[in-house]
**Q** 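Once you've had a glance at the structure underneath, I'll fire off some questions.
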2 protein chains.
Amino acid sequence: MTQNISRDKSKKRATILDGAIDVFINMGFELASMDKIAETAGVSKRTVYNHFGSKENLFQAIVDDFLAQRQSLKTITYNPEEYLAEQLLAFANAEIFLIDSPKRLGLSRFLTRVFLNDIKYARETVSKYPPSHLMLLNWLKEAVEDNKIKSDNLLLTARVFYAMIEGAITWPALFTDGINKAAVEPMISEIITTFLARYGNA
Amino acid sequence: MTQNISRDKSKKRATILDGAIDVFINMGFELASMDKIAETAGVSKRTVYNHFGSKENLFQAIVDDFLAQRQSLKTITYNPEEYLAEQLLAFANAEIFLIDSPKRLGLSRFLTRVFLNDIKYARETVSKYPPSHLMLLNWLKEAVEDNKIKSDNLLLTARVFYAMIEGAITWPALFTDGINKAAVEPMISEIITTFLARYGNA
DNA sequence: TGTAAACTACACCGTATAGTGTAATTATCT
DNA sequence: AGATAATTACACTATACGGTGTAGTTTACA
């Protein structure tokens, strides 16, 4: 009678994922060969296939891991004691965090590329996670009730805020060498000032 | 003595470019095969190579054409007689025009993908053309002199405006089915209101 | 230490692709 | 109509890649 003894595969799996991420980031999906991925991970190609079955599966595993991690953001809740500007800065910093390391930045670039390649896939994938504006929406609701923010269309207001953050910070970072914290500081400050000039209850 | 009579190649060239654009947009650079491009253009593969020499050259020709066309935007100049909101709307509409047809939208997506693939190439390519904020910068300068706009940092002010337009309109359009003019109208209006709430001289 | 799962090395297949060479055909200008 | 530039059809090369099969080696656990 043979027992079903199975060893821990999670370490090799992580090693493969790391190597694959590296290659995907630097070469893109199409030009990333499975041989190159195996070599970069320091693993035989056969092992890559034994773990993931196909290039598509390997890719999907990376995407799922990445988006799940992104989802686990620290929540920000309205605090009536704190300056609005301080709290809005926390929202901005949460966005910046997402592209603040070379790996996260690279993965963001890579995923953006893939999404632009297949809009339908992009929509389906993104829709599996709660919308990014949700947290700010809740925050705005409480701030309006507290008479600190004036807005008769919270969704529009939230979208204006994220438009500024993404248009001024996130997207430019993808096309340059990433975030220079000192350099973006005046821009963030200006964005928050602009936001409060429009929606702050003076 | 043979004369050097050469026929007009520009039409075939345009045909090839059209087909290539189509295939590049739908399959991306790597997966766009020269056979497929030739077939789509309704031209023999040999002719494609006779015209462009390589896939790289063909791609580069498309990029150059596209960016040169983009550059030939109608200029917008400051008009002291017209409402600021009206004039800012013209800037917004100029941005929207760039992604307003399926072909321009597709090319924008494709180019964005390529640029994300090679940041260095993106910088070099984009730097061959004058920065997109230049026109607004000149406009702002005159509006400040006319006491209609208040700003002690015109560049920052211009960047805030384009951050809102791009973050709320341009980028989202790339990930969806493009621009729905009626749907973006309230957002543009809100952006201009926000901009004037901060920088308008009440 | 024995044993089975996990891994490696490596050869191999089918297919796709960028690019070339060439002979025949078509279109254009005088 | 004649000359020739442009185009076509097509065969062909070299290479690369996703994926598989297998025999042997390493690793971890009882």
Side-chain angles (χ1 to χ4, degrees), chain A residues 1-64 110 113-114 117-118 121, chain B residues 1-64 110 113-114 117-118 121:
Chain A
M1 188 79 193
T2 57
Q3 285 172 288
N4 201 353
I5 299 169
S6 63
R7 283 150 58 192
D8 181 26
K9 291 193 250 182
S10 65
K11 262 185 185 156
K12 264 282 177 324
R13 187 191 147 95
T15 304
I16 295 169
L17 284 176
D18 273 352
I21 286 171
D22 201 69
V23 180
F24 277 137
I25 286 178
N26 286 307
M27 327 240 277
F29 180 81
E30 286 87 4
L31 292 174
S33 74
M34 294 297 266
D35 287 278
K36 181 77 178 176
I37 287 171
E39 184 200 321
T40 302
V43 147
S44 80
K45 182 163 75 160
R46 208 59 183 80
T47 297
V48 176
Y49 275 97
N50 285 341
H51 273 263
F52 293 98
S54 73
K55 194 179 176 182
E56 270 293 327
N57 287 351
L58 177 54
F59 161 77
Q60 196 55 53
I62 289 174
V63 172
D64 288 340
F110 171 60
R113 246 146 58 195
V114 171
N117 230 335
D118 189 342
Y121 171 76
Chain B
M1 188 82 193
T2 56
Q3 284 173 286
N4 201 353
I5 299 170
S6 62
R7 283 151 56 194
D8 181 25
K9 290 192 253 182
S10 66
K11 262 186 187 155
K12 263 279 169 348
R13 187 192 146 95
T15 304
I16 296 169
L17 284 177
D18 273 352
I21 285 170
D22 202 70
V23 180
F24 277 138
I25 285 177
N26 286 307
M27 326 241 280
F29 181 81
E30 286 87 3
L31 265 48
S33 76
M34 294 298 266
D35 286 278
K36 180 78 178 174
I37 287 171
E39 183 201 322
T40 302
V43 147
S44 80
K45 182 164 76 160
R46 208 59 183 80
T47 298
V48 176
Y49 274 98
N50 285 341
H51 273 263
F52 293 98
S54 73
K55 193 178 175 184
E56 270 293 326
N57 288 350
L58 177 55
F59 160 77
Q60 194 56 52
I62 290 173
V63 172
D64 288 341
F110 171 60
R113 245 147 58 194
V114 171
N117 229 335
D118 189 341
Y121 171 76

**Q** Expressed in angstrom and rounded to an integer, what is the separation of N50(B) atom CG from dA5(D) atom P?
**A** 14 Å
**Q** Please table the atom pairs, donor to acceptor, closer than 3.5 Å between any side-chain atom in residues 30-41 of chain A and protein atoms at least two apart or in another chain.
**A**
unit_1, atom_1, unit_2, atom_2, d
S33(A), OG, K36(A), N, 3.0
D35(A), OD2, K45(A), NZ, 3.4
T40(A), OG1, K36(A), O, 2.8

**Q** Do any side-chain nitrogens or oxygens of H51(B) fall under 4.0 Å of OP1 or OP2 in dA6(D)?
**A** no
**Q** What pairs meet the ring pair (Phe, Tyr, Trp, His ring centres under 6.0 Å) rule with one or both residues in residues 30-53 of chain A, with sequence neighbours excluded?
**A**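 Listed by first then second residue: nothing to list.
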**Q** Under the rule for side chain to side chain donor-acceptor pair (under 3.5 Å), what residues qualify as partners of N50(A), not counting sequence neighbours?
**A**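 Listed in chain order: R46(A).
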**Q** Can you name the side chain to side chain donor-acceptor pair (under 3.5 Å) partners of D64(B), sequence neighbours left out?
**A**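 For D64(B) the side chain to side chain donor-acceptor pair (under 3.5 Å) partners, ignoring immediate neighbours, are Q60(B).
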**Q** dT7(D), OP1 or OP2 - any side-chain N/O from T47(B) closer than 4.0 Å?
**A**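 For dT7(D), OP1/OP2 do not have a side-chain N/O of T47(B) under 4.0 Å.
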**Q** Within the sub-3.5 Å range, which N or O atoms of nucleotides 26-28 of chain D have a protein N or O partner, and how far apart are they?
**A**
unit_1, atom_1, unit_2, atom_2, d
dT27(D), O2, R7(A), NH1, 3.0
dA28(D), O4', R7(A), NE, 3.4

**Q** Send over the distance from R13(B) CZ to dA6(D) P, rounded to a whole Å.
**A**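 In whole Å, dA6(D) P lies 14 Å from R13(B) CZ.
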**Q** Between I16(A) (CD1) and dA6(C) (P), how many Å, whole number?
**A** 13 Å
**Q** Kindly write out the residues that satisfy side chain to side chain donor-acceptor pair (under 3.5 Å) with S44(B), not counting sequence neighbours, or none if the list is empty.
**A** T47(B)
**Q** One character per nucleotide, please: for nucleotides 14-23 of chain D, 5' to 3', B when the base has a protein heavy atom closer than 4.0 Å, S when only the sugar-phosphate does, - otherwise.
**A** ---SBBBBB-
**Q** Residues in ring pair (Phe, Tyr, Trp, His ring centres under 6.0 Å) with F59(A), at least two apart?
**A**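 For F59(A), the residues satisfying ring pair (Phe, Tyr, Trp, His ring centres under 6.0 Å) (neighbours in sequence not counted) are F29(A), F110(A).
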**Q** Quickly work out the K12(B) NZ to dA27(C) P distance and round it to whole Å.
**A**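 After rounding, the reported distance stands at 9 Å.
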**Q** Provide, to the nearest angstrom, the distance between the CG atom belonging to N57(B) and the C1' atom belonging to dA18(C).
**A** 13 Å
**Q** When the axes are fitted on five pairs at both termini, how much does the helix from dT1(C)-dA30(D) to dT30(C)-dA1(D) curve, in 10° steps?
**A**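 End-to-end axis angle for the helix from dT1(C)-dA30(D) to dT30(C)-dA1(D): 30°, rounded to 10°.
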**Q** Please set out all donor-acceptor pairs under 3.5 angstrom arising from side-chain atoms of residues 11-26 of chain A, sequence neighbours excluded.
**A**
unit_1, atom_1, unit_2, atom_2, d
T15(A), OG1, K11(A), O, 2.9
D18(A), OD1, K103(A), NZ, 3.4
N26(A), ND2, D22(A), O, 2.9

